[in-house]
Participant: 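Before we start, here is the structure in question, set down as structure tokens.
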Amino acid sequence: MKKLVVGLTLAAVSVFAWNINGTGSTFGYPIYKVWAKKFYNATGNRVNYTGTGSGTGITEVIKRHVNFGGTDKPLPPKILKLAKLYQFPTVVGGITISYNVPGIHNLKLSQKAIIGIVLGSIKYWDNPLIVKYNPNEKFPHKKIIFVHRSDKSGTTFNFTYYLSKMSSVWRENYGARKFINWPTDTQGRGIAGKGNFGVSAAIKTNPYSIGYVDYADAVKNNLKMAIIQGMDGKFYAPTPENFAKGAKFAGFSPKNDFYKIIAYPKHGYPIILSTFILVPKEKIDNDKKVTAFFNWAYNYGNKQAANLGYIPLPNSIKMQIKNYWQEKGISPVK
Amino acid sequence: MEFIFKKISSLSAAFILVLLTAVFIVLFLYAKPAIKKYGLHFIIDPRWDVSVPIKEKTPTKTNNIKSQKNKNNNIEVSDADVLAALGITNTNAKTETIYGGLVPLVGTILSTLIAMLFAVPIAMGIAIFLSEISPPLINKPVGIAIELLAAIPSIIYGMWGLFYFGPFISHIFGGSSVSLLVAGLVLGIMIIPFMASLTRDSMNTTPNILKESAYAMGATKFEVIKDIIFPYARKGIIGSIILALGRALGETMAVAFVIGGVFTFPKKITDPTVSIPVVLANNFAESSGMSLSALFYLALILFILSFIIIFSAKFYFLKNKN
């Protein structure tokens, strides 16, 4: 009898419950997965998300194959108009500069040092530009091995966007892209890893290496993370507090569909990124389901996001997003 | 009944040919834009995803979409991929992206070569030991172990290579933990069980009467293996090598972890580089438009390359004596 009742209530729920599918950003995948599970428990509605990469997320939602797409590289308003899409951010995260130098535990990197390392002009660990801010450490005269992503990725895009904002030399020669022919590679000091996982492993197994890794992966793999100089000249450790400080100065605006690459803010930790959701303009019913999910996530998902090393959006931006939904007529049904 | 049976089996055989042509046609069609743009020069061009200024401007249909600029400091963010997905070609762009396949092509050939040099002697040794030398008591467990090794998914070899074998090799030979050498050796290890078990099976088909006659004539074990078993099992052995070669050429996941994924020619054997399947696996998800087409072009090259290598190996080794 009990079973029957349970079965009936389940059936009743599933009549009204819905299912939506999304794909894209691998950076957002871990948190979307957790949110989807909690959302299902709370509402009985299912959200399926696969981490296939931002590029796929964009093309799949343009082709209307999925209910929503995820991307780490926001689309400018002009293109959103052409592709008939709406866009809004979900969470913020940080990219660390992780390193493996035996005997060095508190590496501080100035802007000049970072640019020198990626451009290949700083070749050895005992370069004066590195030593300057680390007077108490003893650096070996060893070649710096620079580790980067071998696959096209939103992490690379956001990291190189940060480099482009910081240095005109980088901007003119390399720019912000998902794939870079790194200058260190041609000097024979570059290696690459597939995914954040591959880069973490390469840093771990190669002494005297340094590379950029998502905060969550760097923590998971116990990597040593550099304290780096922000735009204001102060040094920031890669901590959620410092990412949040940077995110405060992100400058999102609903007027341009939240199109903003947030790396290199005025204050706070400089290498931060946010990930975005794209929904089709003409499918209002579909979009209301998507916003229902993210509305729930904004309201109840902060803790899970923080546990995974993400930074929840500030409340003011969440309000702006909710207003944006209202304006576009895709607010979730209450 | 006889008729139906015949038809069904010939249909199955025809299926292979249809499949092969279908794959070829699909690869060719998707690669067409890249083939048109880069031509055969693609094969000898070492640049991959490099922006160069456009020399001459071809006035085709104009779209007023400029690449998006950040007003503060003019960071060019290319949206060419997204536009391509919308079916728009950006004619106002000042730069174009060049794709060339030489580095991955060389990486593929070199890593396969290292794998074969490493694997063939060891696999032959294992096969000879199992079929002729070992006592039956050892024969069985070792045989099963080899078949088990052949069944391990390639990603496991990749992870093992990344975390243990790579650092170990770099400790001995220098260089970094991911390199051409590590990739070649991991590939070699992956194909050894495959080659060894096929070779053993074909050696086991040598009729006992032949071997016994040779022993009766006073031949030593080495001479029997060299002059009786090898010539008799030649076809099977070469077949196993060719199958293993095919596997090594196309292996993706394991190599993606350990080859380094860097678009440069290896100056030393311990330098990182990249191979065709690795480029495909790394970039496929994030590509569209011309970059996707260039990937299909690479895939087409790999397809033709494996075809040529396997065909010529078969032709050279199997035809000349019969």
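Side chains are part of it too, since the values below use all heavy atoms of this structure and drop only hydrogens, waters and symmetry mates. Each chain gets a letter, A, B and so on, in the order its sequence line appears, and its residues count up from 1.
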Participant: Side chain, backbone, both or neither: which part of A:I180 has a non-hydrogen atom closer than 4.5 Å to chain B?
Facilitator: neither
Participant: Looking only at heavy atoms, which two atoms of A:T205 and B:S177 are closest? And how far apart?
Facilitator: OG1-OG, 3.0 Å
Participant: Does any backbone or side-chain atom of B:D49 lie under 4.5 Å from a heavy atom of chain A? Answer side chain, backbone, both or neither.
Facilitator: both
Participant: Check whether the side chains of B:T264 and A:D185 place a donor and an acceptor atom closer than 3.5 Å, and report yes or no.
Facilitator: no
Participant: State, yes or no, whether a side-chain contact exists between B:L162 and A:F197 at a heavy-atom distance under 4.5 Å.
Facilitator: yes
Participant: Any non-hydrogen side-chain atom of B:N283 less than 4.5 Å from a side-chain atom of A:K178?
Facilitator: no
Participant: Chain A: which of B:G261, B:A256, B:G260 shares the most heavy-atom pairs with it under 4.5 Å?
Facilitator: B:G260
Participant: Can you see which heavy atom on A:K194 is nearest to which on B:A281, and at what distance?
Facilitator: NZ-O, 3.7 Å
Participant: What I'd like to find out is whether the side chain of B:S291 reaches to under 4.5 Å of the side chain of A:K152, using heavy atoms alone.
Facilitator: yes
Participant: What part of A:T56 gets closer than 4.5 Å to chain B, counting heavy atoms only: side chain, backbone, both or neither?
Facilitator: both
Participant: Check whether more than 12 heavy atoms from other residues, nucleotides or ligands sit under 6.0 Å from atom NZ of A:K33, and answer yes or no.
Facilitator: no
Participant: For A:S150 and B:N282, does a side-chain donor sit closer than 3.5 Å to a side-chain acceptor?
Facilitator: yes
Participant: Can you establish whether the number of heavy atoms outside A:K224 located under 6.0 Å from its atom NZ is more than 12?
Facilitator: yes
Participant: So which part of B:K268 gets closer than 4.5 Å to some heavy atom of chain A, the side chain, the backbone, both or neither?
Facilitator: neither
Participant: Counting neighbours of CE on B:M159 that are heavy atoms of other residues, nucleotides or ligands and sit closer than 6.0 Å, is the number greater than 12?
Facilitator: no
Participant: Tell me, for B:T97 versus chain A, whether the close heavy atoms (under 4.5 Å) come from the side chain, the backbone, both or neither.
Facilitator: side chain
Participant: In the structure I gave you, are the side-chain heavy atoms of A:N181 and B:F263 within less than 4.5 Å of one another anywhere?
Facilitator: yes
Participant: Please check if the number of heavy atoms outside A:K281 that lie under 6.0 Å from its NZ is greater than 12.
Facilitator: yes
